[in-house]
A.B. asks: 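Just passing along the structure, written as structure tokens.
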Amino acid sequence: MPEGDTIFRAAQTLHRALAGGVVTRFESVYPKVMRVADDRPIVGRTIHAVASRGKHVLITLSSGLTLHTHMRMNGSWHIYRPGERWQRSARDMRVLVATDRFVAVGFNVPVVELLSDAELARHDELRELGPDLLDPAFDAAAAIQRLRDRATDAIGDALLNQRVMSGIGNVFKSEILFVARVEPFRAVRSLTDNEIARIISTAKDLLRAAVLPASKTLSPAFGRRTTRSLDPEQKLWVYARGGKPCRKCGTPIEARKTGIDARLTYWCPQCQP
Ligand SMILES: [Zn+2]
């Protein structure tokens with residue numbers, strides 16, 4: 001499942017390739033999208049910007065239209081040069097936006113919508129998004145309030161709730177709580193103000209570190225690493241490390257399936273009492 005950092009980087013890459021260009025070709029397999037495009041042609045519009053909001057990607061076009069996509073579990077965007085062979089089957093194409101320089105292809109993207117400015121402003125899912133951890137204007141106080149509003153939720157579940165704050169997926173959930181030394185199943189109301197503040201600042205730091213250009217992270221590539229280790233085998237503290245020794249104390253890492261989609265939560269019972 002792509003997390004906020006992955007979507008943020010995808011949006012940045014799309015922005016570099018597409019922004020300022022004029023759409024020369026637009027396709028989607030979704031009839032509803034093509035109906036809008038029939039009424040309000042996309043070809044000929046200038047691409048103003050590509051940006052992420054939480055796990056959503058918004059491609060802003062001239063004359064008040066925005067292409068909204070969400071990757072959910074399996075979607076991805078690829079960028080090709082015109083005529084270049086795709087790395088995925090054309091059957092998986094859901095949406096395509098081309099300029100004279102690049103072809104951006106959304107594969108298995110389940111949510112594709114063309115929205116007017118008014119529709120964008122009243123879009124339920126976008127409107128309800130909590131503060132975006134990767135937004136430079138991230139509002140920590142608002143995030144703390146939204147977290148406190150989920151008093152009876154387990155903190156691990158609350159972090160995944162995009163209405164509380166947006167950008168955290170399953171990998172970061174476990175990593176943030178390890179670094180903040182908080183057990184994932186504690187109810188939000190049991191957390192002290194200090195713990196809440198530590199969780200939010202850790203979340204912000206880890207997600208932002210994951211989107212820094214390689215030259216600023218000492219790592220050979222972009223990447224999701226939370227340990228600061230340069231060893232690719234030691235990128236994460238607890239995620240996917242069930243049964244292995246904790247990198248800090250040696251205690252075996254625990255793993256448990258939780259939530260409606262039974263995703264695994266990882267934690268160290270010693271470091272996260
Ligand atoms: Zn430990």
Side-chain angles (χ1 to χ4, degrees), residues 1-61 65-115 123 125-126 160 162 166-167 169-172 210-211 214 220-224 232 235 239-240 260-264:
M1 168 124 187
E3 303 198 29
D5 61 320
T6 310
I7 307 296
F8 182 89
R9 286 201 304 270
Q12 276 191 325
T13 307
L14 287 166
H15 180 84
R16 278 195 297 271
L18 300 177
V22 172
V23 179
T24 54
R25 186 174 153 207
F26 178 78
E27 290 173 26
S28 175
V29 298
Y30 298 121
K32 195 178 165 201
V33 175
M34 293 318 288
R35 272 202 302 278
V36 177
D38 283 344
D39 291 344
R40 307 185 64 188
I42 306 305
V43 170
R45 287 179 196 250
T46 301
I47 300 166
H48 285 325
V50 185
S52 62
R53 266 169 69 189
K55 300 183 198 173
H56 301 258
V57 172
L58 298 172
I59 302 178
T60 314
L61 305 164
L65 211 57
T66 296
L67 182 68
H68 164 233
T69 61
H70 194 293
M71 322 279 211
R72 301 279 184 242
M73 299 301 271
N74 299 312
S76 61
W77 277 98
H78 288 199
I79 294 171
Y80 298 104
R81 290 288 184 178
E84 190 182 345
R85 190 185 162 82
W86 296 356
Q87 290 170 20
R88 298 280 296 267
S89 162
R91 278 198 312 273
D92 295 337
M93 186 278 277
R94 297 292 177 270
V95 60
L96 178 156
V97 183
T99 65
D100 57 355
R101 295 173 60 221
F102 290 102
V103 182
V105 189
F107 292 105
N108 292 323
V109 177
V111 178
V112 179
E113 298 176 302
L114 280 166
L115 303 170
H123 192 283
E125 205 181 338
L126 291 168
L160 287 179
Q162 303 300 301
S166 54
N170 213 35
V171 177
F172 275 110
V211 300
F222 277 126
R224 187 176 287 160
K235 283 206 260 195
Y239 185 79
I260 28 175
D261 44 6
R263 288 192 282 176
L264 279 162

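Keep in mind it's a predicted model, so treat the numbers as computed, not measured. When reading the values below, keep in mind they use all heavy atoms of this one structure, side chains included, and skip hydrogens, waters and symmetry mates.
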A.B. asks: Quick one: does Leu61's side chain get under 4.5 Å of Ile47's, heavy atoms only?
C.D. replies: yes

A.B. asks: Counting N and O atoms only, with roles assigned by atom type, does the side chain of Thr24 sit under 3.5 Å from a partner on the main chain of Ala98, one being a donor and the other an acceptor?
C.D. replies: yes

A.B. asks: Output all residues satisfying side-chain hydrogen bond (donor to acceptor under 3.5 Å, both in side chains) with Ser52, sequence neighbours left out; order by chain, then residue number.
C.D. replies: none

A.B. asks: So that I can tick it off, tell me whether Arg94 and Glu113 are bridged by a salt bridge, with the cut-off set at under 4.0 angstrom between side-chain N and carboxylate O.
C.D. replies: no

A.B. asks: Heavy-atom distance under 4.5 Å between the side chains of Leu58 and Leu126, does that happen here?
C.D. replies: yes

A.B. asks: Kindly give the heavy-atom pair with the smallest separation between Asn170 and Leu264, and that separation in Å.
C.D. replies: ND2-O, 3.0 Å

A.B. asks: Who pairs with Asp92 by side chain to side chain contact (heavy atoms under 4.5 Å, CB included), at least two apart in sequence or on another chain?
C.D. replies: Arg88, Ser89, Phe107, Asn108

A.B. asks: Report the residues that fulfil salt bridge (charged side-chain N to carboxylate O under 4.0 Å, His left out) with Arg25, sequence neighbours left out, ordered by chain and then residue number.
C.D. replies: Glu27

A.B. asks: Is there side-chain contact between Ile42 and Leu65, with heavy atoms separated by less than 4.5 Å?
C.D. replies: yes

A.B. asks: Any side-chain heavy atom of Leu114 within less than 4.5 Å of one from Thr66?
C.D. replies: no

A.B. asks: Tell me the closest heavy-atom pair linking Val112 and Ser28, and the distance in Å.
C.D. replies: CG1-OG, 4.4 Å

A.B. asks: Tell me the ring pair (Phe, Tyr, Trp, His ring centres under 6.0 Å) pairs involving residues 12-60, sequence neighbours left out?
C.D. replies: His56-His68, His56-His70

A.B. asks: Is the backbone of Gln162 close enough, under 3.5 Å, to the side chain of Ser166 for a donor and an acceptor to pair up by distance?
C.D. replies: no

A.B. asks: Hey, does Val103 have a side-chain heavy atom less than 4.5 Å from the side chain of Ile79?
C.D. replies: no

A.B. asks: Which atoms form the tightest heavy-atom contact between Glu3 and Phe172, and what is the distance?
C.D. replies: OE1-CD1, 3.1 Å

A.B. asks: Who pairs with Arg81 by side chain to side chain contact (heavy atoms under 4.5 Å, CB included), at least two apart in sequence or on another chain?
C.D. replies: Glu84, Arg101, Phe102

A.B. asks: Scan for salt bridge (charged side-chain N to carboxylate O under 4.0 Å, His left out) pairs involving residues 30-52, sequence neighbours excluded, and state none if there are none.
C.D. replies: none

A.B. asks: Quick check for you: to the nearest 0.5 Å, what is the distance between Thr13 atom OG1 and Trp77 atom CH2?
C.D. replies: 12.5 Å

A.B. asks: Give me the atom names and distance for the closest heavy-atom approach of Leu14 to Ala104.
C.D. replies: CD2-CB, 3.7 Å

A.B. asks: Can you tell me how far the OG1 atom of Thr60 sits from the CG atom of Leu18, to the nearest 0.5 Å?
C.D. replies: 11.5 Å

A.B. asks: Determine the minimum heavy-atom distance between Asp100 and Pro82, stating which atoms define it.
C.D. replies: O-CG, 3.5 Å

A.B. asks: Which pair of heavy atoms, one from Ala49 and one from Ala19, lies closest together, and at what distance?
C.D. replies: CA-CB, 4.4 Å

A.B. asks: Could you check if a side-chain atom of Val95 sits within less than 4.5 angstrom of a side-chain atom of Val33, using non-hydrogen atoms only?
C.D. replies: no

